[in-house]
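Letters go in sequence order (proteins before strands), and every chain restarts at 1. Just so it is clear, the values below take in all heavy atoms, side chains as well, and ignore hydrogens, waters and symmetry mates.
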Protein chains: 2
Amino acid sequence: MTDELAAPTPAEREPVEPELVESESGRSESGKPQSGKPRMRADAKRNTEQIRRAAIDAFRGRGLAVPLEDVAKAAGVSKATVFNRFGGRIGLIEAVIEELVAAELYAIVDHARTIANAGERIAYYLAAIRELQYRQPAVNDVLLQMYPESQQLMAICHVAGEFNAELIAAGHASGELRAEFRTDDLEALVHDSALALKYGTRPPVADYDRRTTFLLDGIRRPRE
Amino acid sequence: MTDELAAPTPAEREPVEPELVESESGRSESGKPQSGKPRMRADAKRNTEQIRRAAIDAFRGRGLAVPLEDVAKAAGVSKATVFNRFGGRIGLIEAVIEELVAAELYAIVDHARTIANAGERIAYYLAAIRELQYRQPAVNDVLLQMYPESQQLMAICHVAGEFNAELIAAGHASGELRAEFRTDDLEALVHDSALALKYGTRPPVADYDRRTTFLLDGIRRPRE
DNA sequence: CCACAAGTTGACCGATGGGGTCAGTTTATC
DNA sequence: GATAAACTGACCCCATCGGTCAACTTGTGG
């Protein structure tokens, strides 16, 4: 599977999308023999994985806009090799975004869905998503759709967006969420956090968490 | 007075600060004759005012980062003339920031101070400052201290910062503000708004105002 | 071991957006 | 009319980073 997910070789670079689609189809169809000879040299395979790991580390600490030169250096290869193996930044993002962002984000969504009480579900989700945003700059790049050419990035946003709507509906149905607080308000709230973290100074964690509390209290339905 | 506040002429450009200081001192000391011959040609004087007005318009719609080329074009002069008359962006900001930002911001502060009830004062101030931020991109550049070399800009921030502390103290003394909400929380709140407006998409005004309400409700002391 | 294609790379190019400069020209003033 | 103030079109520079390519290196199969 790693072979198919690796960036196309230089010869295949132009039809990047068709190649990936083709690989996906091939993987989806059972019965395809995996015993064929490897399509990538050992050094290329090794480099690809090193670049992938270096990208995950770099993106994790500094977000998706890290200079590719830095990723290459951390992987011990030249920048041109990053282009050769992954086609560029988008290809690199596509290769790591599942492990880097989607896994954790979807885990939060999945866990939230197990919480029966709507008010608690919203409180859990908002706190968890904000904590993830605080800790993971790449998450903010995703939520802000900084690289819309990345299909996987956009798919993650789509999932998060749908869950926002789900949360709001449940909160209103249960009466625990103030009536005027809408899906786009929740989206703006998360989006503004992303912008503040991306372009501002990250505050001490205690301050940040305290402010999550204020936000939550501002969207609860007042008790009569 | 406009003459003294105009940018130095090319010959005086290097000692920009001393010249301004000197002009300030001269103005402060009474008795200096104002009947002397003008120190600027009529065209220079006219251009300086045109640039000033063009800058106010441009900064008002798009913030302090507007390309100087755009300001020059709107003023009907060359970019070099902007440099000649104002020394550059900082000089231009210094020439307009009082009228552009300080006047309105200080009016909000002054009016807030007339409100006796602390809770209402905070509500008024937060709504008014957020409304100003929404309407005036330049205000966000000021609050974000985008140009720290501008003394007047930094002075405005200082005033706003002191008023934040005043507000918080009054809110706590009256018991209408939740105890954990601190000065730096208020500053972060305003700051985050500035970042969201500067780097994000400006939402419809109704949505924005609604969100001001949520913020306010999140910082009020809960009623027992 | 050799041939050869895959794979890598150091050096370089180009884009971007706008700040800033200057020699030549124009204009206001005395 | 002389002259200094003022203006300007053309150009330079910057800093960063995405992207390319001819030359070189390396892995693989026969």
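Between N47(B) and dA6(D), a side-chain N or O to OP1/OP2 separation shorter than 4.0 Å is absent. Residue T81(A) has a polar side-chain atom (N or O) positioned under 4.0 Å from OP1 or OP2 of dT9(C).
dG7(C) atom C1' lies 11 Å from atom CE of M40(A), rounded to whole Å. Atom CD1 of I51(A) is separated from atom P of dT9(C) by 9 Å (rounded to the nearest Å). Regarding F83(A), its CZ atom lies at a distance of 18 Å from the P atom of dA11(C), rounded to whole Å.
Distance from the side chain of R41(B) is smallest to dA4(D) among dA4(D), dG10(C), dG18(D). The side chain of L68(B) lies closest to dG19(C) when the candidates are dG19(C), dT8(D), dA6(D). When distances are taken from the side chain of V77(A) to each of dT9(C), dT8(D), dG19(D), the shortest belongs to dT9(C).
In terms of polar N and O atoms assigned as donor or acceptor, the side chain of K79(B) comes within less than 3.5 Å of the base of dG20(C) in a complementary pairing.
Across the interface with DNA chain C, nearest-nucleotide mapping of A65(B) and R46(B) shows A65(B) to be the residue nearer the 5′ end. Residues D43(A) and E69(B) each lie close to DNA chain C; by heavy-atom proximity, the contact nearer the 5' end of the strand is made by D43(A).
Ionic pairing of R182(B) and E187(B) is not present here: no N-O contact between side-chain nitrogen and carboxylate oxygen is shorter than 4.0 angstrom.
Under a cut-off of 6.0 angstrom, the local environment of CZ in R53(B) is sparse, with at most 12 non-hydrogen atoms contributed by other residues, nucleotides or ligands.
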request  = Start with the C-alpha gap between Q152(B) and I93(B), add the side-chain angles, then the distance that decides, and say whether side-chain contact (heavy atoms from CB on, under 4.5 Å) holds.
outcome  = CA-CA 8 Å; Q152(B) 289 189 50; I93(B) 288 172; over 6 Å; no

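Aromatic ring pairs are classed by plane angle as parallel below 30°, tilted from 30° to 60° and perpendicular above 60°; the pair Y134(B) and Y208(B) is tilted.
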